[in-house]
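By convention in this document, chain letters (A, B, ...) are assigned in the order of the sequence lines, proteins followed by strands, and residues within each chain are numbered from 1.
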Protein chains: 2
Amino acid sequence: MPRIRHTTLTCSPGCTVEATLELFGGKWKALILYHLFEDGVLRFGEFRRRMPNVTQRMLTNQLRELEADGLISRTVFPEVPPRVEYELTDLGKTLKPVIQALKKWGDRYAHALQGRETGT
Amino acid sequence: MPRIRHTTLTCSPGCTVEATLELFGGKWKALILYHLFEDGVLRFGEFRRRMPNVTQRMLTNQLRELEADGLISRTVFPEVPPRVEYELTDLGKTLKPVIQALKKWGDRYAHALQGRETGT
DNA sequence: GCCACTAGTGTCAGGAATGATACCATGCCG
DNA sequence: CGGCATGGTATCATTCCTGACACTAGTGGC
């Protein structure tokens, strides 16, 4: 369900920039990663509480895609009621500086984002 | 034409991450910015040559959106044939660490992006 | 006159991304 | 037995994004 991926990373010198962006360019992926960096481990329901305006379906989707990309791991505990924990993989953890850079910029230049269409 | 923007940056602590991403989350925006960081000033046609698989319409679109967001400036020279130059604004230049972080990650972990659907 | 060049714009269409809503299994609690 | 909790799925609809293609203006060159 993500956009088309780059396979040959030779299309242009900046191609890897695009390719990286495709990994967490999904509408909520960066937010998911951000919360994982903050909290370490999160259950499905905790994500829901932290991101109330994301539908269950979208959340599942984005989590699965992040998992498929090897950025997060999903652990199911065979309990009732079910428990599923998500956490960053080693690869996912390497994204920390990237997310941090995004956050830092956003915090500093948030004013540049104002005055747009209505959003969340 | 971009996705819905955040106006109140209070939806969640990581909201600014998403908001920042919306600025250059467009399919080709990061690439445009990247080339501008590399070359400083670029004409429309130079973008086309650097990004051959982007249609003219998309390129115009993405450039206009970046301009509307105050990240790049567009200077028209009243000549024939017409000449239009694009360059980063001061605000746009502040994104450099972010783009660099993306590039750095992509270059290092490109292997994690392999084996996906066909792309460019 | 005819063609080329640059930097676009207009229109249309297809597909992907997203959202709303309803539904499921299991086991505990009362 | 009924209801609740968790972590999902399934289906459908819609909206948004993206691309293909054709077309434009003004001038220079042949």
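OP1 and OP2 of D:dC17 both lie 4.0 Å or more from every side-chain N or O belonging to B:W28.
As rounded to whole Å, 15 Å separates atom C1' of C:dG10 from atom CE of B:M58. When rounded to the nearest whole Å, the span between CE of A:M51 and P of C:dT18 equals 12 Å. Atoms CZ (A:R48) and C1' (C:dA20) sit 12 Å apart, rounded to a whole Å. Per the geometry, CD belonging to B:Q56 stands 15 Å off P belonging to D:dT24, to the nearest Å. Here C:dA7 presents its P atom at 13 Å from CZ of B:R50, a figure rounded to the nearest Å. One atom, CZ of B:R43, and another, P of C:dT6, lie 7 Å apart when rounded to the nearest Å. A:R57 has its CZ atom 14 Å from the P atom of D:dA13, to the nearest Å. Atom CG of A:L59 is separated from atom C1' of D:dT6 by 13 Å (rounded to the nearest Å).
Looking at heavy atoms from C-beta onward, A:L63 lies in side-chain contact with A:F47 at the 4.5 angstrom threshold. Looking at heavy atoms from C-beta onward, B:D39 lies in side-chain contact with B:R50 at the 4.5 angstrom threshold. B:W105 places a side-chain heavy atom less than 4.5 Å from the side chain of A:L23.
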Which letter, B, S or -, goes with each nucleotide of nucleotides 24-30 of chain C from 5' to 3', with contact meaning a protein heavy atom under 4.0 Å? --BS---

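Heavy atoms of B:F77 sit nowhere under 4.0 angstrom from any nucleic acid atom. A:Y86 comes within 4.0 angstrom of sugar-phosphate atoms only, judged by non-hydrogen atoms across all strands, and of no base.
Comparing A:Q62 and B:R74 by the nucleotide of DNA chain C that holds the closest heavy atom to each, the one mapping nearer the 5' end is B:R74.
Proximity note for B:T60 (side chain, C-beta onward) versus C:dG8, D:dG19, D:dG7: the nearest is C:dG8. Distance from the side chain of B:R64 is smallest to C:dG8 among D:dG8, C:dG8, D:dT18. Residue A:K27 has its side chain nearest to C:dT18 when only D:dG19, C:dA7, C:dT18 are considered.
Here the side chain of A:T89 pairs a donor or acceptor atom with the backbone of A:G92 at under 3.5 angstrom.
From B:R83, atom CZ reaches atom CZ of B:F44 across 15.5 Å, with rounding to the nearest 0.5 Å.
For the residue pair A:A30 and B:V17, the shortest heavy atom distance occurs at CB-CG1, 3.7 Å. Residues B:L36 and B:E87 come closest through the heavy atom pair CD2-CA, 4.1 Å.
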